[in-house]
Amino acid sequence: MNTTNGRIAEQSKKKIADALLVVLQQYDYKEITITQLAQEAKLSRKTFYRLFTDKENVLSYLFENLYIECFEYIKSQHTQYYWDIVQCYFNFWEERKSLLLIFKQSNLLPVLFDGAYKYSFSIFEYIRSKDVAEQLSEQLPYLLAYSIGGMHSMLLKWVENDMTIPSCILIEQLKNGFNSMKS
């Protein structure tokens, strides 16, 4: 395999994904064309179609890379507990506030959920182990859907309110809320 071509293709994909972010600041996602993305990336339409099938494919690529980054961030924090993971998740997105606000502008935040759910299995295995994941194989999809669904809904509400509350306070309020319901 020619690693140079693979590296060039990956660089071109990144240019197109970055172009999408630039164009999203000016246009609604639905209005964006392949020509706009190719021009902004300074690549030909032919190159675009060699790498992606459509702009939804670019968006998936962009979100996939964000979740890989998020997973790497969580791993780098050596988290072991649920609330630490939640805090890492919100810290990650807080550092990318401008990106979330761009997604909000084009109503793309709901699409973000798919990646969160997909990567939740990898995060669970990393934190707990593959053995535990296998032991919980029947319940795990439901447990993770519940957990990620709540986190994502909270993320949507947070972005809807322009992320004015710092993530550390937001998570502390959530923990306090859960603890107050125990009584």
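Note that this is a predicted model, so its numbers are computed, not measured.
Interatomic distance, W93 CH2 to L66 CG, rounded to the nearest 0.5 Å: 4.5 Å. A distance of 12.0 Å separates CG of L51 from NZ of K46, quoted to the nearest 0.5 Å. Distance check: C70 SG to K75 NZ gives 12.0 Å after rounding to the nearest 0.5 Å. Distance check: K13 NZ to R50 CZ gives 12.5 Å after rounding to the nearest 0.5 Å. Here the straight-line distance linking atom CD of Q139 with atom CG of L144 works out to 11.0 Å at 0.5 Å rounding.
Under the 3.5 Å distance criterion, the side-chain polar atoms of Y29 are matched with a main-chain donor or acceptor of E56. For the pair S76 (side chain) and Y73 (backbone), a donor-acceptor distance under 3.5 Å is present. Checking side-chain atoms of K55 against main-chain N and O of I32 turns up a donor-acceptor pair under 3.5 Å. For K97 (side chain) and D162 (main-chain N/O), a donor-acceptor pair under 3.5 Å exists by modelled atom type.
By the 4.5 Å heavy-atom criterion applied to side chains, W83 and L174 are counted as neighbours. With a 4.5 Å cut-off on side-chain heavy atoms, L24 and Q105 do not count as touching.
In this structure, F71 and Y119 have tilted ring planes: the angle between them lies in the 30° to 60° band. Ring geometry, F52 versus F48: the interplanar angle falls from 30° to 60°, so the pair is classed tilted.
Minimum heavy-atom separation, W158 to I165: NE1-O, 2.8 Å. Closest approach of E94 to P166, counting heavy atoms only: OE2-CA, 3.3 Å. The two residues I171 and F90 have their closest heavy-atom pair at CD1-CD1, 3.6 Å. Closest non-hydrogen pair, V159 versus K104, comes out as O-NZ, 3.5 Å. The heavy-atom pair separating Y67 from A116 by the smallest distance is OH-CB, 3.3 Å. The two residues L20 and L37 come nearest to each other via the heavy atoms CA-CD2, 3.5 Å.
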Is there a side-chain contact (heavy atoms from CB on, under 4.5 Å) between I123 and T79 once you walk through the steps?
CA-CA 10 Å; I123 293 169; T79 57; over 6 Å; no

Audit row: Q87, N91, side-chain hydrogen bond (donor to acceptor under 3.5 Å, both in side chains) steps and yes/no
CA-CA 6 Å; Q87 186 65 65; N91 289 349; 2.8 Å; yes

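Pairs passing the side chain to side chain donor-acceptor pair (under 3.5 Å) check and including a residue from residues 15-28, sequence neighbours excluded, read K14-D18.
Both L155 and I169 are members of a single hydrophobic cluster when ILVMFWY side chains are connected at heavy-atom separations under 4.5 Å. Under the 4.5 Å side-chain contact rule for hydrophobic residues, M154 and L101 share a cluster. No continuous path of hydrophobic side-chain contacts links I148 to L143 [ILVMFWY only; heavy atoms under 4.5 Å]. Hydrophobic clustering (side-chain heavy atoms under 4.5 Å, transitive across Ile, Leu, Val, Met, Phe, Trp, Tyr) keeps V22 apart from V58.
Residues forming a side chain to side chain donor-acceptor pair (under 3.5 Å) with S147 (at least two apart in sequence, or on another chain): Y82.
Ion pair E10/R7 not flagged as a salt bridge, since none of the NZ, NE, NH1 or NH2 atoms sits closer than 4.0 Å to an Asp/Glu carboxylate oxygen.
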